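The structure appears below as structure tokens.
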Amino acid sequence: MNRLITMQDISCIGKCSLTVALPVLSAMGIEAVPLPTAVLSAHTMFKGVTFHDLTDEIEPIIQHWKKEGLSFAGIYTGYLGSFKQLQLAEKLFNLFDVPLRVVDPCMADHGKLYTGFTMEYAKAMKQLCAKADVICPNMSEACLLLGIPYCENPDEDNVRTILKQLTETGCKTAVITGISLSGGKTGAYAYNRIENTYSCYQTDMEPQSFHGTGDIWASVFAGSLVNGKTFEEAMKTACEFVREAIHLTLEEENHNTYGTNFEQALPYLMTLM
Ligand code: PXL
């Protein structure tokens, strides 16, 4: 059975980070090993959030795993809260020689940094991205990593240029999520620097966007790769699952506005595997 480390926070309310990654990866038949970075009462779009930092626990946890002689099929990092945690993520990469390192540089959406993040943090995140096999930013994060103005409605040439520049920073492959190439469609666009190839997957766009869908996308994508799917299959599976999760959310009259009904889409995920 494949074992994957996922390093990110636990936001009790909000359907993002670990509360998404663990159930999704488990459903995909993967032993999901959490490396929790902080406990929050809810994600940071809520007001009055409580926050308990777990940075001091990280090093002892990973050293224990090392001492136990554990090995892992992959490492997937999501929302991280500080420069120190970015360094610890890099240490994790150095400590365990895994075949797949996925970095989702969670820090921004709609052209704006999430609460608590700075441009200096974006620069430090770029260094972690350089150590990844695959990074999966949205367009806001991609532009912040490159230090360029937010490109809100990119055409295909813009997307390809930005992808190439992202891989020049060191990662092997960059995928940008939330790329819409035509009306009513959305999906992901990728560039592999080693093979010098682009790939793209588009699905039907749902009429509303939700918080946490980037984390759902990254979890399904990382899980699919660990399970041996091709890169193109992994992109397709992630895009279709997110579309279904939003679809089911909108079907419920009194649905949450802070996250999707991704749990109800898990049976559908089985049909994609
Ligand atoms: O990946 C989204 C996310 C994860 N964790 C926390 C967040 C957010 C987005 O705002 O606040 C704590």
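This chain uses plain numbering: 1 for the first residue, then up along the sequence. Counting convention: from 1, in listed order, for ligands and their atoms alike. Everything quoted here is computed from the prediction, not taken from an experiment.
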Show me the short polar-atom pairs for ligand 1: any N or O of it lying under 3.5 Å from a protein N or O, with distances only.
| unit_1 | atom_1 | unit_2 | atom_2 | d |
| --- | --- | --- | --- | --- |
| ligand 1 | 1 (O) | Asp215 | OD1 | 2.9 |
| ligand 1 | 1 (O) | Asp215 | OD2 | 2.8 |
| ligand 1 | 5 (N) | Asp9 | OD1 | 2.8 |
| ligand 1 | 5 (N) | Asp9 | OD2 | 3.4 |
| ligand 1 | 10 (O) | Thr44 | OG1 | 3.3 |
| ligand 1 | 10 (O) | His211 | NE2 | 3.1 |
| ligand 1 | 11 (O) | Thr44 | N | 2.8 |
| ligand 1 | 11 (O) | Thr44 | OG1 | 2.6 |

Gap between atom CD1 of Ile148 and atom CD1 of Ile162 - 0.5 Å precision
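Output value for this atom pair is 4.0 Å.
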Strictly under 6.0 Å, is that where the ring centroids of [X] and [Y] end up?
| X | Y | value |
| --- | --- | --- |
| Trp217 | Phe241 | no |
| Phe231 | Phe221 | yes |
| His211 | Phe46 | no |

Got a sec, which residues hit salt bridge (charged side-chain N to carboxylate O under 4.0 Å, His left out) with Glu263, two or more places apart in sequence or on another chain?
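In terms of salt bridge (charged side-chain N to carboxylate O under 4.0 Å, His left out), with neighbours along the sequence ignored, Glu263 is linked to Lys15.
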Regarding Asp104 and Tyr79, is there a side-chain donor-to-acceptor distance under 3.5 Å anywhere?
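No - no donor-acceptor pair under 3.5 Å links their side chains.
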